Structures are given as structure tokens and as C-alpha cells.
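Please read the structure below before turning to the comments.
Letters go in sequence order (proteins before strands), and every chain restarts at 1. On a predicted model such as this, the values are computed, not experimentally measured, just so you know.
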Amino acid sequence: MSIASKYEPAAAEAKWYAYWMEHKLFSSKIDHSKEPYTIVIPPPNVTGVLHMGHMLNNTIQDVLIRRARMQGKNACWVPGTDHASIATETKVVQLLKEKGIDKKDISREEFLTYAWEWKEKYGGIILEQLKKLGASCDWDRTAFTMDPGLSDAVISVFVDLYQKGKIYRGIRMVNWDPKGQTALSDDEVIMKEIASKLYYIHYKIEGTEDQFLTIATTRPETIMADVAICINPNDPRFTHLKGKKALIPLIHRAIPIIEDEYVDMEFGTGCLKVTPAHDINDYELGLKHKLEVIDILKDNGTLNEKAQILVGEDRFIARKKIGKLLDEAGQLEKIEDYKSNVGHSERTDAVIEPKLSLQWFLKMDEITKPAFTSVMEDVIQLHPPKFKNMYRVWMENVRDWCISRQLWWGHRIPAYYLPNGEFVVAKTAEEALTEANAKFGANWTLADISQDEDVLDTWFSSWLWPISVFDTEVFSTGQPNEELKYYYPTNDLVTAPEILFFWVARMIIAGYEYTGEKPFKNVYLTGIVRDKLGRKMSKSLGNSPDPLDLIAQYGADGVRTGMLFSSPAGNDLPFDEKLVEQGRNFANKIWNAFRLVQGWEIDKKLDGSANAASLEWFENRFHQALTEINEHFEKFRISDALMTTYKLVWDDFCSWYLEMIKPGFQQPIDPATHRKTIEFFENILKILHPFMPFLSEEIWHQIKKRTVEESLILASWPAEKGYDTKIIEEAVQVFEVVSQVRNLRASKGMSPKESLDLTINTQNEGLYSRFQAVLIKLANLSSLSFAENVDNAMSFVVKADECFIPMGDSIDVEEEKENLKKELEYTRGFLNSVMKKLSNERFVAGAPAQVVEMEKKKQADAEAKIKALEESLLKLG
RNA sequence: GGAAGUUUAGCUCAGCUGGUUCAGAGCAUCUGCCUUACAAGCAGAGGGUCGGGGGUUCGAAUCCCUCAACUUCCACCA
């Protein structure tokens, strides 16, 4: 045999991927004779690299898309990347810094030139990596969120929503990232528990020498921005302070002592410093009491002149220093350790600064309504459904979305400011100018107007993704093009739960707003890939294997199946290289099954009728498994679909079927059996293909020469056929006899090579006769006969059939008896429980007829088995 | 602080609207095998009071209550 005994994936993977690409087998075009099946990829960051989460995600998508393709659907998987504005900009800034360039010293245009260079150089690496995994995306459709068309779409949407009154500009408290120097949406802020300190600070009461009050704060550096002290009006401890003023330590500015029931008397000292510029709650309080706002921080997080002291210091350094200053001034009572939750930027990890600033917002109240009901009413289904509740809570509490970012990399906001202090929103500067001149009766030129410096939140473009990859015009025309009409709504979306709100919810919102339709039917939420210790795999922890290394080591098919062995939807995947090893072993198993079949010579003169029962069994067993697999797929139980396939292939096909029909060493096989076996193998390759595209395609073409059109990737998914459970059950019964004989050998320490005589006492001789050849081969029998009794024999009972194996004198009668008695006792107990149920009137009356029938059958089976066991015992004397 | 979910074999998980003696699967473990497709393998075997307690029922892993532990999401009181 010339084929290697170990499957070598590398060559096959390169070969078949190139083949599929060359013949454009992933590509999809409008074809009204076919039902479309569409997936849009969750676009990875354009400068990103493949991590294990992508592997899981994209494997699932590829499995779904390949199966759909084989089901005769027009499968279209649209790939692409996201410009990831803040992440990419942060990287570019970093890169420039390494070159000795400060972003502040260069113009927007220069910066963007660098950014595009970076994008051209590193963008799309991740897509190349996906190819290694076998992803069958229609690469001709590759899109980028900053492509001209997609960018136009974003601008159109902004203008449209502004005109609809849904986008507004206003001064609000936003999450400010001092490192990225931009505002962030609420969703981009991650709360982390931080060990901090609680400073207890004395504020003198104005006009007194020794009276003071104490406030507790975690942020002493903001005292210079205090505008009031707030007490609870019902707090008896502070009645004497009402109407007085307190002096801010160090700078001695007098601030009023105000009253509000917002202050919790139990918490801290009962006195609250009010700092509207640097705390969201204080800001609300400030609005209520019409307090001044004093902002002492610059955008980069250092103190400004208004702080009067420590000007220019970073907020954290200032915090330490002011502690010392307060102490020296005798106004620091104590410092306590304190745990508090502090917001961090999702991207830069900087501590978020609540900051009052002028930003653009999208009103969320109205626009979210269709998106809300569609998920609540299962028009869009989340898998697993537990995410529905999360979705509901988010939707019910969503606040207006801050969509402006003080960055350069992204879609620039199409608002133009006019000399008179007004602004207009329009797609282009020219349109803006025309509109402005008309509106204000002016004669301004382009030089007189200036565009907003900010760009839009990344998600403000990716929320259009399922639409804009097909049609970039519909947002302005309202007329869907042919592509959109055909492919949209897409079918399934596969993504991580982390971006359920960021992205999924917003796509649904945009979908209804711009097409009046859902963007997809199903959302499959994968779990997070974790290491053995349960930690999320991340670059910073260094606990993530390099996906490409894994592919090189175990093969793409091995990695794909390995990842799917244990990842039901919504469950985290505890990654263990063992899984991938199991995947590789599976590939190897299939490879070797092929080697066996491939090596057979066919002898046309041979009669294969002895194999008829085996063929019939496997045919039925295959269709039983196929039905199960299809059911699993319908329910998005991908792991279960794989496991069913795995067991069908390994246990039923390899361990049983091939062993059953395998001719002796170097013996030829009959044509009928060979033909059926190839047919079975081909069907197996078909159901394997979505999971293991490379190996299956490789073997498919080795079985026989095939044209491009006959490639497995385009083959038809096997049609479901009925199956006869009786045939399957009977075969299982025969297998059980085989196992018992083997077991008996093992327990007696006999070699498998030692053949045995088997005699069966049965009502069903026909069954065993049909499988006679199989029994003889697999149980290694020297003879198979039927009789009521055999002397000096070991015996066991399968169903109601007694099986005897004569052992001459070596048999231990007592032990045999013991074994039989044990089984008898068990079966009697079983029968007892059944009888108990059946004699219970309330059971017979109350339980469904089916259940009662089942119980009656159990009774009959158990009685037959008991009879057989009793006979066996009697025979032993 | 609010909400949801989870808890079944050493590990990862199935077990649908109660009904096989229901306690399962894969992996891992143990035993015996280099049996010419495969040692990345073959043939066997062992392993769990279904988180604790209580209840409903003829019958509970499954329904209800309660306690406990873990996870996630949302909120963020200085």
C-alpha cells in the first residue's frame, strides 16, 4: 500500500483551497432559481490578527455556509474588515511615537496618510489567515467599512438621521478617555474594581476658626473643582451648618452648604462634596441646584489653571501630592483603603474621566422600538435564548448614543460650521454651502465654512454592515438594489456575546430603520475561548496558542473539529490542545478507513450475498444518524451534529461496518459490497465536509477522478430517507452477542485469536443466520449453531436469547451461577418496578397510552429474559 | 444594588413540555493487545445519592419552595 498511514494535512489544504479559489467555488451571484443563504462575517479589526475566538467563530460560520451550499442553496458568505477607529488610531499613534512623531505635530491629512499606509500594509492579514482555516468566503465581495461606498452610506445615514431629528448635538456628561483623548459611548466603558483610598478631608466652616466638616472622597485632586457641600436636610448632625459656607482646603474658596435628600446619611461622613465637572451624579445635582461648573482638567488628564495649584500635574500624581499637602495643612483626617469601581476605556484601558463636552448623540427612544419587539417576538432568534433577557434589559435602559469621537481615523462628521456660529449638516461641503447660503441668505464660499473635526463611532458604520455590503445607496435612495433584495435579510449571524449590544442590537436597529426588515433571522452567540484555568485567552496574558501554529501542527480540519467538539452555543469553550489532537486523530481515522477501502481488489465473480445484512444495517443506521444530524443543525447544536457524525464514522462505520464486510488479508471483495461501501463512504464524506472540508475533498477526489463541478464542496447534502429501527435494533442485538463473546474472552484471559464455538437458544434463528458470517468473523467463532442447551458451557443472555460457549472442564460452575443469579436478580427487580407501575390504577389511568404500552413491552421483555436466565441456571444444575 | 443563568462521572457537557433499573456521551483513567487500514490504533472494564434541604405526585435529574456556591449582564453612593 503506497498511501501514507498518517494523514498529512498541509499539502491537501494548500491544494484544495487553491482549487476552490481558482474555480471560484465560494462565489455567489444572484440566481433566482436558488434560495439564498447569506452570512455576513463579523468584520474583524482591519489591523488585527487571528485569535482563538475568531477560529471558533469562523469555523462555525464555515460549517453553516458549506452545509447550506451542499443543500443546494445559494450560499454567500461576505467577508470584510472593520476600520476599528479607536483601536487602529491608537496603534498608529503608537507607531508614530516609535518613529519619533507626535500626533499633535502633524496635520490630519498627514496622519491619515500614515494610517492608510498602515492599513494597506497590515490590513487584511487576518483575512489571509482565515483562508488557512478553510473559510469559504466569497472573497470578491470583501468589504471594508471605510471603502468609498460604505463610507458614503455612513454619511448618508448621518444626514438622514439628522434630518429626521434623531441626531442632535449637545453638551452632555460623557465618558472621556484622556489617553485616546476622545469621548466614548457607555458601552465602551468597562467597570473594574480597583483598590483605591478614601481620603477624609476637613473643610473649615467660613467665619469660624475651629469648626469644620469632614468629607470622604476617593478623588481629592478634584476638590478645587468643588462648588458646594451637600448634606441631607434630615441629618441632625449638621443642622447647625445649614445656610453656612465651607472653605475648600488649600485654595480657601468659599462654597455653599446645600441640602438634598440624595445624600445618604449612612454612607461616609454624611457630607458630600459636589464637583459637577468631574462626576456624573454631582453634575445632576449641580443642575438641580443651579450650581456653577468648574472644570479643572485638561483633555489629557492633567490639571489646568483653574485648579490654581498643581497645575500641569497628571490627575493621579496630583492625587498623591494633594494628599501630602492636605496633611501638611492639617486638614487630612485619615486615609482608608477602599475598593471602588472605576470605568476604564475598553480600548486604551485608561481610567475614564466623566467630562462635560459638546458631542453628537443619536436619540435611542424611538428608533429602537422595532428592534426591541422583533427579538421579543422571536422574529429574530437569539441562540441560546437566554440572551433574549439580556437584550431586553439593555433595550429598556438604553440611553442616547454618543456617536462622535475626537479621532481622525474614521468617518468624519458631515457637519459644517458657518461664520455666523450656526451649522448645517450635508453630505458634502458643496451641498452644505448651498444649503447654508440659501438658509441664511449669505454669499459664503467654501473657505468660509469648516467641517466638524470629529469622526463617528466605529459602530456607527458597522451597524449598517448587513445592508451596506450589498447596497450602499439604499440609505439615500430608499430603493433597494437587486443584490439587497436577493440576499437580505441574511440568515444567520455568528458572533460573540460581548458585542451583542455594541453591534448586534445596533444592526437590528439600523436594519429596521433602513430596510424595514430584520437584518438576519438567527443570531448564534458563541462562547468565549478560555484556557484550562478558565481565563479568557488574550494576548496580554500570553495564554493563547497561535492559531496558525495549531493549524500547522494538527491540520485545519483537526483544529476545526477540535474547537467544535465541546462548544454548545453560548457556552464558553475551555480550550485544551487535547481537543485539537482528538480532531487530528479523527482525520487520521477517516484517512485510514479510506486506505483500507482504497486497497481492495474487486473480483467480479464473487458473490456478496453474505454481506447483505450488513449493508442493510448500515444503510439504515446512516439515515438514522443523518436525521439526527439534520435535527441538530436546525437547532444550531453544532457540537452535537459533529459528535453524532463522529460516532457514526468511528463506531458504526469503522469499528463495525468495515470490520463486518472487510475481506481477509489480500483477499478481493465482491463488486456489490464494494459499490455500496463506496456509496456509504461518499455519503459520509458529504456530511463530514462542513466540518472537515480539506480531508473530505481530498478523499472525494481520490475515490475517483472528478470534474470541478463534481467537487465535494458542490455535492448535494444526502437526502433524508426513512429508516427501519427494527433493523438497527436487531443489529445492535447481534453486536451485543459479539461484545459478550469478546468480553468473555477478556475476562478469562483468553487470546482473541482463540476461536470459540457459539450455540444460541433463540426464537429468532433467522436473525443470527443472516449475520452468521459477521458473528463468525467479529467474535472469532469456529462455529455457530442453535440448540436449547450445551453442557459444560459458559453462558450469557442477550435479550431473550441464551448463548452458550462450551469450555470443556475449565468452566467454573459456581462462578457462572453467581453471574447468572446476579443478572436474574437485577432483571427481577426491574420487572418488579414495572409491575408496580402497571398494577397501579392511577398510573394506568393517568399516564399516556404510549407510556403504558412501553411498560407492557418492558414487562414482556423482562419476563422472557428471566425465563431464559432461569433455564440457564437450571442447566447448570 | 438589580437581573438572568449554571450546579449531573476526574474534565467538558446531553438529558425537550415529569414515565424504561435513567442515570447518558465524548475525553481522561484502568486492563489486555504492535491482530498487515489506523498504537494519532484495537478489544474490554471501572466510575455519579443528578449542589444541600423540604414539598407536589402513583412516579422527580426533570415541577415548586428554600439554602449554598459559581458565572454573566446591567447599575455605580461620595
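- Within a 6.0 Å sphere centred on CZ of A:Arg399, other residues, nucleotides and ligands contribute 12 heavy atoms or fewer.
- By the 4.5 Å heavy-atom criterion applied to side chains, A:Tyr200 and A:Leu332 are not counted as neighbours.
- Only the P atoms considered, B:rG10 is 16 Å distant from B:rG46, to the nearest whole Å.
- Remark: the separation of the P atoms in B:rU6 and B:rU62 is 13 Å, to the nearest Å.
- Comparing B:rU21 with B:rC34, their P atoms sit 42 Å apart, to the nearest whole Å.
- Here the separation of B:rA3 from B:rG51, taken at their C1' atoms, is 22 Å to the nearest Å.
- Nearest to the side-chain atoms of A:Arg742 among the listed nucleotides B:rG44, B:rA40, B:rA78 stands B:rG44.
- Contacts of A:Thr269 with the nucleic acid, taken as non-hydrogen atoms under 4.0 Å apart, are absent.
- Side-chain proximity of A:Ser5 to B:rC38, B:rA78, B:rG26: nearest is B:rC38.
- Counted within 6.0 Å of CD on A:Glu601, heavy atoms from surrounding residues, nucleotides or ligands total 12 or fewer; the atom is thus considered open.
- When heavy atoms are screened at a 4.0 angstrom cut-off, A:Ser747 is found touching no nucleic acid atom at all.
- Following rounding to the nearest Å, A:Ile190 (CD1) and B:rC73 (C1') show an atom-to-atom distance of 13 Å.
- A:Asp264 comes within 4.0 angstrom of a base, heavy atoms only.
- Applying the ring pair (Phe, Tyr, Trp, His ring centres under 6.0 Å) definition to pairs two or more places apart or across chains, none involves residues 266-289 of chain A.
- If you take CG of A:Asn397 and C1' of B:rG1, they are 14 Å apart, rounded to a whole angstrom.
- Within the 4.5 Å cutoff, the side chain of A:Leu573 has no heavy atoms near those of the A:Arg530 side chain.
- The side chain of A:Asn743 has B:rG44 as its nearest neighbour among B:rA78, B:rG44, B:rC38.
- Among the atoms of the strands shown, only primed sugar atoms or phosphate atoms (P, OP1, OP2) are found under 4.0 Å from some heavy atom of A:Trp650.
- Within the nucleic acid shown, A:Cys230 has no heavy atom closer than 4.0 Å to any nucleic acid atom.
- Residue whose closest nucleotide on RNA chain B sits further toward the 5' end, between A:Lys273 and A:Asp186: A:Asp186.
- The side chain of A:Ser739 sits closest to B:rG44 out of B:rA78, B:rC27, B:rG44.
- Residue A:Thr218 is classed as a sugar-phosphate contact, given heavy-atom separations below 4.0 Å to backbone atoms only.
- Residues A:Tyr554 and A:Glu577 bring a donor and an acceptor atom of their side chains to less than 3.5 Å of each other.
- Base contact: A:Glu659 has a heavy atom under 4.0 Å from a base atom.
- Contact annotation: the side chain of A:Thr214 never approaches that of A:Cys271 to less than 4.5 Å [non-hydrogen atoms, C-beta and beyond].
- Shown here is A:Lys536, whose NZ atom has no more than 12 heavy atoms of other residues, nucleotides or ligands within 6.0 Å.
- Below the 3.5 angstrom threshold, one finds a donor paired with an acceptor across the side chain of A:Arg584 and the base of B:rA40.
- Looking only at atom types and distance, the side chain of A:Thr218 has no donor-acceptor partner in the side chain of A:Ser340 under 3.5 Å away.
- Residue A:Arg637 is classed as a sugar-phosphate contact, given heavy-atom separations below 4.0 Å to backbone atoms only.
- Rounded to whole Å, the distance from CD on A:Glu193 to C1' on B:rC76 is 12 Å.
- Using P as the reference atom, B:rA45 and B:rA40 are 23 Å apart when rounded to the nearest Å.
- The residue A:Tyr338 sits close only to the backbone: its heavy atoms come under 4.0 Å of sugar-phosphate atoms, none of a base.
- You'll find that the side chain of A:Phe501 is closest to B:rC73, out of B:rC76, B:rC73, B:rC38.
- Side chain of A:Arg560 to main chain of A:Gly583: no donor-acceptor pair is present (N/O by atom type, distance under 3.5 Å, no hydrogens or angles).
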Per-nucleotide protein contact string for nucleotides 3-13 of chain B (B base, S sugar-phosphate only, - none; heavy atom under 4.0 Å): SS-------SS

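- Which of B:rG26, B:rA37, B:rA40 sits closest to the side chain of A:Tyr646 comes down to B:rG26.
- Within 6.0 Å of CD in A:Glu266 there are 12 or fewer heavy atoms belonging to other residues, nucleotides or ligands.
- Nucleotide B:rG19 forms a Watson-Crick or G-U wobble pair with B:rC58, both donor-acceptor distances falling under 3.5 Å.
- Across all strands shown, B:rC73 forms a Watson-Crick or G-U wobble pair with B:rG2, both key distances being under 3.5 Å.
- Residue-level contact check: A:Phe565 touches neither bases nor backbone, having no heavy atom under 4.0 Å from any strand.
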Identify all pairs in which a protein N or O lies below 3.5 Å from an N or O of nucleotides 23-25 of chain B, and state each distance.
| from | atom 1 | to | atom 2 | distance (Å) |
| --- | --- | --- | --- | --- |
| B:rA25 | O2' | A:Lys647 | NZ | 2.9 |

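- Of all nucleotides present, only B:rA43 satisfies the Watson-Crick or G-U wobble test against B:rU31, with each distance under 3.5 Å.
- Note that A:Arg506 lies in the cation-pi zone of A:Trp401, set by a 6.0 Å cut-off to the ring centre and a 45° limit from the axis.
- Residues A:Phe735 and A:Gly268 both approach RNA chain B. Their nearest nucleotides, taken by heavy-atom distance, put A:Phe735 toward the 5′ side.
- Judged by the 6.0 Å distance and 45° axis criteria, A:Lys197 is not positioned over the aromatic ring of A:Tyr338.
- Within the 4.0 angstrom heavy-atom criterion, base atoms lie near A:Met191.
- The side chain of A:Asn588 sits closest to B:rA40 out of B:rA40, B:rC76, B:rA78.
- For the pair A:Lys856 NZ and B:rU20 P, the interatomic distance rounds to 17 Å; values are reported in whole Å.
- When heavy atoms are screened at a 4.0 angstrom cut-off, A:Val342 is found touching no nucleic acid atom at all.
- Comparing the P positions of B:rA9 and B:rA14 gives a spacing of 13 Å, expressed to the nearest Å.
- A donor and an acceptor atom never sit less than 3.5 Å apart when one is taken from the side chain of A:Lys578 and the other from the base of B:rC27.
- Between A:Glu628 atom CD and B:rG15 atom C1' there is a gap of 14 Å when expressed in whole angstrom units.
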